[in-house]
There are 2 protein chains.
Amino acid sequence: MGEKYSLKYTKNDRNSNMSKKNTGASSIDSKKSSTLAIDRNTEKRILEAAKNVFYRKGLSGARMQEIADAAGINKAMLHYYYRTKDKLFDAVFLEAASKFFPNVIELFNVDLPFFGKIEYFVENYITLMLENHRLPSFVLNEIHQNPERLEGLLRNHAIVIPERAIFEFQKAMMDGVIKPVDPRQIVINMIALCIFPVAARPVIQILFSLNDEQYFEFIETRKKEVSKFIINSIKAV
Amino acid sequence: MGEKYSLKYTKNDRNSNMSKKNTGASSIDSKKSSTLAIDRNTEKRILEAAKNVFYRKGLSGARMQEIADAAGINKAMLHYYYRTKDKLFDAVFLEAASKFFPNVIELFNVDLPFFGKIEYFVENYITLMLENHRLPSFVLNEIHQNPERLEGLLRNHAIVIPERAIFEFQKAMMDGVIKPVDPRQIVINMIALCIFPVAARPVIQILFSLNDEQYFEFIETRKKEVSKFIINSIKAV
DNA sequence: ACTTTAACTAACCAATTGGTTAATATAAAA
DNA sequence: TTTTATATTAACCAATTGGTTAGTTAAAGT
C-alpha cells in the first residue's frame, strides 16, 4: 500500500538518503533500461532536476510537473521523496547556498603570502560561480524574498562564513601589509567584484554585445584584473 | 457597455496616460473620499501597487488579486488599464530598469575633476539603489529569467548606457590620470561595488548582525570607502 | 433631458497547480 | 512460496489564478 513517507519522514524528519532503495545500480549494466539511459538513484535525479528548474524559474515560477518531467518520473514521486514543494526547494536551496557562500576558511587557508591568498580566492571563487552562472542571482533573490531561510541555515550551522577572512585582513593590517580599513568592507568588495559580473551576466553580454565565448574570455581576463584591482587598492604604501 | 480597452489599446498600443479620466483630482479637496484617503489617479495607483508587489514577489510570485488589494481597487481594473499581468509587469519593469541602469551620462557629466566624478557617481548611485533596496536583485533576477525583456528595452532606446563612462575612462588613461586597463572592467567594478551591498542586504545584515539602523550607517560610511577604494586602485603612480 | 462613452464592480470561468490516493509493480524477508 | 515493505503510476481533487463579462454608475457631449 501507499504508506510512503509516513515512515520515512516520521522517523528521519529530513530526507537523508534512505537505507536501501533502487540498490541495483552500482554496476553500469542494466537488464532493463526502463525510463531513460542513466538509471540513477531516483531521489538524486529528482534533486538534480529540481535544481535545474528552480535555478531557472525560482521558487514560485517552478512547476512540480516540470521538475517531474525533467527527472523523467511521475510527479507523485516528488511528494513521495520530498513531501512538499517547499521542502524540495529547501533541499535545493541548501546546496545552492553552500556553494554560494564560499568556504572562505578553505579558500583562505592556503599556504601563500597574503596577496597570494587574495589571488587564489578571486580566481577560485569566480570559477566556482561561473560553473553555474544562475546561482548567484538565484540565491540572492530567494534570500531577498525570504530571509528566514538563510537564517535557518545559519542556525543549523549548515553554513558559516566570514570570520576567518576578516581575521586575516586584520592581521595583514597590523603587519603593515595593507592599509587600515574596516575589513568587512574589503571582504564585501572582494565578493562583490567576483559575484557581480556573473550575477549580471545577461546584462553584460547584452550591453557589451558579447556572445558566450567572448563573455567567458572576458571573465577569464577579469580573474587577473580583479585581484590586481583589489591589491593595488589596499596594499600599504 | 464594457468596451473598455478595446479603444484604448487599439489606438495607442501602450498605456500612455489617457486623455481625461478621474479628472477631479488636481486640487487636494475631495467631495467623496470614496476608497482611501489618497484619491489619486487610478492608473498610477495600480502601477504603484504593482511595483510594490512585483518587487517583493517577482513576476511569477505576484498575484493580481494582491496587487488589486494593495491598490484598493477591483481586480478587473488591472486588466482594464493594463490588459494582462505580463503587460502590467512590463510597465513596472521599464521603470525599474530605468532606475537600475543609472543615467551614467548624467552622473558623469558633472563638472568635476575625474576623481570627483567617480565620487559623485558612487555616492549618488548607492543612494539611488538604497531608495529601494529590492530593486537591484529584482531587476537582475528578472533579467536572468527573461533576458529578452531587457533586449526589448534597448531596442526601443528606452534605456541606453555605458559608452559615455567608458569614454571618460579612456580619456583619463590617455591623460595619464589613471593606469591603463580595459575601461569596461573598471565600469563593472564601479557598479559591482555599488550594487552588491544593496542586492545582498539581507545577507550582510544577517552575517554581520546588523539591524536596519546599523546597516544604513554601514552603507553610509561605505559610500566614501568605495570611491577611495576605486581611486586608490586606478590612479596612475 | 437624453444619449454616448468612460470608469468601475460582482460574479463567473476555464485552466493550472500542489497535493492525494487507490491500485499496482517490484524487491526483500520470512 | 508467501508475505511484507518499498517504489511507482494514473487518475483525481480542491484551491488558486489570470482573465472575462454582463451589468451599473457616473460623467461628458449633444
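Below, chains carry the letters A, B, ... as their sequence lines are ordered, and counting in each starts from 1.
Summarising the geometry, the separation between CD on Gln65(B) and P on dG18(D) is reported as 9 Å, rounded to the nearest angstrom. We find that CG of Asp69(A) is positioned 12 Å from P of dG18(C), with the value rounded to whole Å. Rounded to a whole Å, the OH atom of Tyr80(B) is 14 Å from the C1' atom of dT21(D). The distance between atom CG of Leu78(B) and atom P of dC8(C), rounded to the nearest whole Å, is 12 Å. Rounded to an integer number of Å, the gap from Met77(B) CE to dT24(D) C1' is 13 Å. We find that NE2 of His79(B) is positioned 15 Å from P of dT9(C), with the value rounded to whole Å. One interatomic measurement links the two molecules: CG of Leu59(A) to C1' of dG18(C), which rounds to 12 Å at whole-angstrom precision. Going from atom CG of Asn41(A) over to atom C1' of dA7(D) covers 12 Å, rounded to whole Å.
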Discussion item. One pair to check against salt bridge (charged side-chain N to carboxylate O under 4.0 Å, His left out): Asp86(A) and Arg149(A). What are the steps and the verdict?
Written reply: CA-CA 11 Å; Asp86(A) 202 73; Arg149(A) 219 181 291 267; 3.5 Å; yes
Practice prompt. Might you work through the side chain to side chain donor-acceptor pair (under 3.5 Å) test for Asp69(B) and Gln65(B), ending with a clear yes or no?
Written response: CA-CA 6 Å; Asp69(B) 291 348; Gln65(B) 187 59 59; 3.0 Å; yes
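Of the side-chain N and O atoms in Thr42(A), one or more sit less than 4.0 angstrom from OP1 or OP2 of dT8(D).
In this structure, Lys85(B) contributes its side chain and Ala62(B) its backbone to a donor-acceptor pair below 3.5 Å. Looking only at distances, no side-chain donor or acceptor of Arg134(B) sits under 3.5 Å from a matching main-chain atom of Arg56(B).
Note that Arg222(A) lies outside the cation-pi zone of Tyr125(A), set by a 6.0 Å cut-off to the ring centre and a 45° limit from the axis.
Side chains of Asp212(B) and Gln205(B): a donor on one and an acceptor on the other come within 3.5 Å.
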Under 3.5 Å, N/O pairs linking protein and nucleotides 15-17 of chain C:
from    : atom 1 : to       : atom 2 : distance (Å)
dT17(C) : OP1    : Arg63(A) : NE     : 2.6

Atom pairs, protein N/O to nucleotides 10-14 of chain C N/O, distance under 3.5 Å:
from    : atom 1 : to       : atom 2 : distance (Å)
dA10(C) : N7     : Asn74(B) : ND2    : 3.3

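Using the six-membered ring where Trp is involved, Phe138(A) and Tyr55(A) have ring planes that are tilted, between 30° and 60° apart.
Every salt bridge (Lys or Arg N to Asp or Glu O under 4.0 Å) that Glu95(B) has, sequence neighbours left out, goes to Lys51(B).
Of all non-hydrogen atoms in Ile143(B) and Pro202(A), the two that sit nearest each other are CG2-CB, 3.7 Å.
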